[in-house]
Each structure stands twice: as C-alpha cells, then as structure tokens.
Amino acid sequence: MARPRTPAAPSTEPGLDRTARTDAQAGPAGGDIDGAEAWPQGPVHRGRLRVRTLVTLRWMVVAGEALLLLAVLAMGFTLPYALCFAVVGAGAWVNLLTGVASPGQRVFGDREAAAQLSIDILQMSALVFLTGGTANPFVLMLIAPVTLAAATLPLRPVLILGAMAAAISALLAFVSLPLPHGPGMTAAIPLTFRIGGALANLAGIALTAGYVRQAAVESARMALALDVTQAVLAREQRLSALGALAAAAAHELGTPLATISIVAKELGREAPNQNVKDDAELLVSQAERCREILRRLTETPDAASDDVHERISLRQLVQDVIEPHAGVKGVRVEAIVTGAKGMKTPDIRRLPEITHAFTSFVENAVDFAESEILLSARFDAETISIEVRDDGPGFAADVLAKLGEPYVTTRPGAEGSRTGHIGMGLGFFIAKTLLERTGALVTFQNSRPHGAVVSARWPRAKIEAGDL
C-alpha cells in the first residue's frame, strides 16, 4: 500500500500522475494527493475579456478607419464618404456607450462578449462592403475580432464568430460596392481575384485564430499547473516550518518549565496548608506533562535547534523518503548512499521541495515495480545526485519525451497500479518544477532490460549545508 497522504492545503494538490504509462504499466510517475479528483478536470478556464480591453481596442480600430478614409479623401478617390463615415461613427458611438455603461474593470460574460465582437464584425464588414469587398486588402480586419474571441472565449462562441466572419467574407466576394478609384480611372477586378481574396481571408481567420487559441489554452493550462505546484510547495513549507517550530519550542521552553517545576516543589514543601500543597503538586505535575510533550516533539536527532533543523544528512534524507514504504507488501524498497573514496557523507539543506518530489517518485514506483525499488544517492567533490530506479516495465515510449510537461496522461485511470489511484498528469510537472527550483538537473529514462529511472543532480554548492 502507498504511503499515508497528508490532507491537502486549501487547493487540492495533485501529486505525480500514474497515468503517464501504458495500460501495461510503466516506470515511476508519482502519486496524487487525496482529493485530486476534486480538482477541475474539465476545460481549462481562460482569461476573460474586460470592458476596458475591448473599448481600447475598438478606439484603435475606429481611429485607423477614420484615418484611412481621410487619406482616401485627400487623394480624391471616388467613394460614398457619407455612408463610410456614418459606419465609422456608429462604431464610435457603440464603443462610447459600452465604455460609459460599464466600469472598465468589469469582465464580460461569454455571451455578452460574443455579442460585442459580433457587432465589431458587422461594423467592419459594412465598411468593407462600401469600399470594394474582398478586392479591398483591408478585408483582413475581419480576422481581428475572431482572434480576440479565440484568446478569451470558450470554443463554441469562437466557432460561431469564426463562421460568421467566414460567411461574410464569402458574401463580400460577390456583393459589394466598387473599389475606390481616382478621377478618370476604372477599377475592373476579376471575380476570380475577389474569390481568391475571400479564400485568403478565410485561411487567415482559421490559422490566426487557431494559433492564438492554442497558445492561450496552453498558457492557461500551464498557469493552472503552476498554481498547483505553488500549493504543493506551500504545504511542504508549512510542514517544514511546523517541525522547526516544534524544535524551537522544545529548546526555548525547557528552561522556564524547569524553573516552574523547581519553584512549585519549593512551594509544596513550605505550604501552610493542604490546599496550597495540593495546588503546588498539581503545578509540578502539569509542568512535567509539558516537558514530556516537548520531549516527544524532539525525539528526532536533527531537531535540537533551529540551526540543526535547517540541515539533514544525505543518508537521513534517503531514509526519510523510503520510510513510509518500508512495509509495502511484495516490493522491497532500499536506499544506499555512495561517495568518492575518503569523502565524508555531506549534510544538505533541508528543502521541502526535494523531500516532496522524491517521496512522490518512490510512492509511484511502488505502484508499478515488480519487486524492487532502489533509491540511491551519490556524491563527489563537485556534485550530489539522487536516483529512483524500479524494475517495472518502464516509461511508455510515447510519453517519455513529454514527461515534465503538465497534463501528460494516456489513460483515465491507473488500472495496473497497486493502488488504482487516478492521476491528472500534473505529477511529473510538479516534481520536476520543484526540483529545478533547487538548482537540480532532472532526467527521466528507461533502464535495461526494463525499469524506469528518475534522477536529479545538483552542484554541491546549491544544496550542501554550510558548517555550523
């Protein structure tokens, strides 16, 4: 059975994902913290569209349209200027009403944002209709609202707005007023050119919106995964801080409790009556009880003081990591520490990132190993490295190259694992991120003839504890 899991911090904190394996099992991929199934597993929430953002972008578009019309007017081209400026003015009026009616920091709902962007598509389409349709190169302006929707809205309204812009582009290839032209000039644009312009605009809408949406989704997923990583690290740091607090309490309170006990005993011997003597004896017994509680809190050898608590020997670290799994049935979990000849085993800084990451690696290896897991630590004059190796089937070939990225998963559950725990694909990302924050180089690979290997290597200066 896997190690007991600590209840999660305010946010549910997924640990390592066991689903980054084939159905036949693969190497260590870590264990999720209880409650991970409560973490949102649906579509990733993207940043939504603020009123101020839309209003600012619209003013830029309206200003650009007005300047272009003025430039065409200055060149003496033939154009229905009254209608064109009316369309630009309508866009400015709608934008002014939008900015006045709502605070700039307000976020549009999905439907409201889609409606606002559809107004932009219609306004731009009307202006393009008056200025030559798809023969006008500025038909590409229809790409902008769809791209903004792709970055801020769910998929369904993006598809609706994209279809709307595509349909209007196709229509403008056949129906529009003539392209602006100067006195004595004629603008004869072949239909094939107009159709080509419409197809180019359709391709621009699809490709640009697709690129932006993919980038936005990946960015949102990465942000969510980083938030989970921060929650895991915060929990580990709180646990580490509690250990330091217990050590400090035991160290600082020992002397005053001893003083209280001595004074209470003196009061008991000199008590004028039985009631006072009983109270003094009660005081002595409660002081002894406090000292016993503090003694239990400081049973570990590395908790004598704050300075000592901040460091841990490399040997003690690997023992702490494998201890929760020592009694797992059917799997032997061992740890070894080796170093250069004649060198003393180093003490390292007590970093919760290292403890959490390797505890998760070992926990997950327990799920997939056939019979043995080896946690080995090595050191020399320049580096310190820690490695988890199991004798399971190893990492699946199709996910090995992607390990360390968030949401790497190939199946919905971990049917081949000993615990059957369901992962979310965040585990390797969390562990790798935490270890890299300590300066480690993290690698994942398969060993021969089978088995998975996860290792981290540091320059000694990065994690070695200084002399006391």
Side-chain angles (χ1 to χ4, degrees), residues 3 5-6 8-9 13-16 28 30-31 33 225-248 298 300-325 335-339 344-365 375-388 404 426-444 454-468:
R3 67 179 175 88
R5 295 181 173 88
T6 307
E13 305 156 9
L16 294 181
I33 295 173
L226 287 171
D227 287 343
V228 176
T229 304
Q230 286 295 119
V232 171
L233 180 57
R235 189 199 68 174
E236 295 296 328
Q237 288 174 335
R238 282 195 296 271
L239 294 176
S240 180
L242 285 174
L245 181 62
T298 56
T300 53
D302 56 350
S305 68
D306 285 346
D307 290 337
V308 175
H309 184 78
E310 292 300 321
R311 59 195 295 133
I312 185 173
S313 73
L314 192 58
R315 195 176 304 278
Q316 183 63 47
L317 172 66
V318 297
Q319 291 297 327
D320 288 349
V321 168
I322 69 168
E323 183 180 2
H325 315 286
I336 60 171
V337 178
T338 59
K344 180 183 176 182
T345 303
D347 287 348
I348 64 173
R349 292 186 292 122
R350 187 186 293 271
L351 297 171
E353 295 95 328
I354 297 176
T355 304
H356 175 84
F358 276 97
T359 300
S360 298
F361 284 142
V362 172
E363 176 184 1
N364 205 70
L375 176 66
S376 59
R378 299 180 180 88
F379 61 90
D380 55 32
E382 301 296 331
T383 63
I384 295 174
S385 62
I386 304 177
E387 177 185 279
V388 178
L426 285 177
F428 266 20
F429 173 79
I430 290 174
K432 184 172 182 285
T433 301
L434 293 179
L435 290 174
E436 288 176 343
R437 287 186 178 186
T438 68
L441 174 64
V442 183
T443 59
F444 312 111
V454 180
S455 63
R457 179 164 54 88
W458 299 262
R460 284 187 65 144
K462 288 286 188 181
I463 62 170
E464 187 172 13
D467 295 334
L468 288 175

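- Shortest non-hydrogen contact noted between P346 and R460 is CB-NH2, 3.4 Å.
- The shortest heavy-atom contact between E353 and T438 is CB-CG2, 3.8 Å.
- In this structure, F379 has no ring pair (Phe, Tyr, Trp, His ring centres under 6.0 Å) partners at least two apart in sequence or on a different chain.
- Between T355 and I312, the closest side-chain pair of non-hydrogen atoms is not below 4.5 Å.
- For the residue pair R349 and K462, the shortest heavy atom distance occurs at NH2-O, 2.5 Å.
- The minimum heavy-atom distance linking G439 with P459 is given by the pair O-CD, 3.9 Å.
- Residues L314 and D347 fail the side-chain proximity criterion, which asks for heavy atoms closer than 4.5 Å.
- With rounding to the nearest 0.5 Å, the separation of CD in E387 from OG1 in T443 is 8.0 Å.
- The nearest pair of heavy atoms linking T359 to H325 is O-NE2, 3.9 Å.
- By the 4.5 Å heavy-atom criterion applied to side chains, F358 and L435 are counted as neighbours.
- Under the salt bridge (Lys or Arg N to Asp or Glu O under 4.0 Å) criterion, E323 pairs with no residue, sequence neighbours left out.
- Formation of a donor-acceptor pair under 3.5 Å by the R378 side chain with backbone atoms of T383 is not found in this model.
- Note: I336 CD1 to R315 CZ = 10.0 Å, rounded to the nearest 0.5 Å.
- Rounding to the nearest 0.5 Å places NE2 of H356 at 9.0 Å from CZ of F361.
- Paired with V337 under the rule side chain to side chain contact (heavy atoms under 4.5 Å, CB included), one option of T345, I386, L317, L375 passes, and it is T345.
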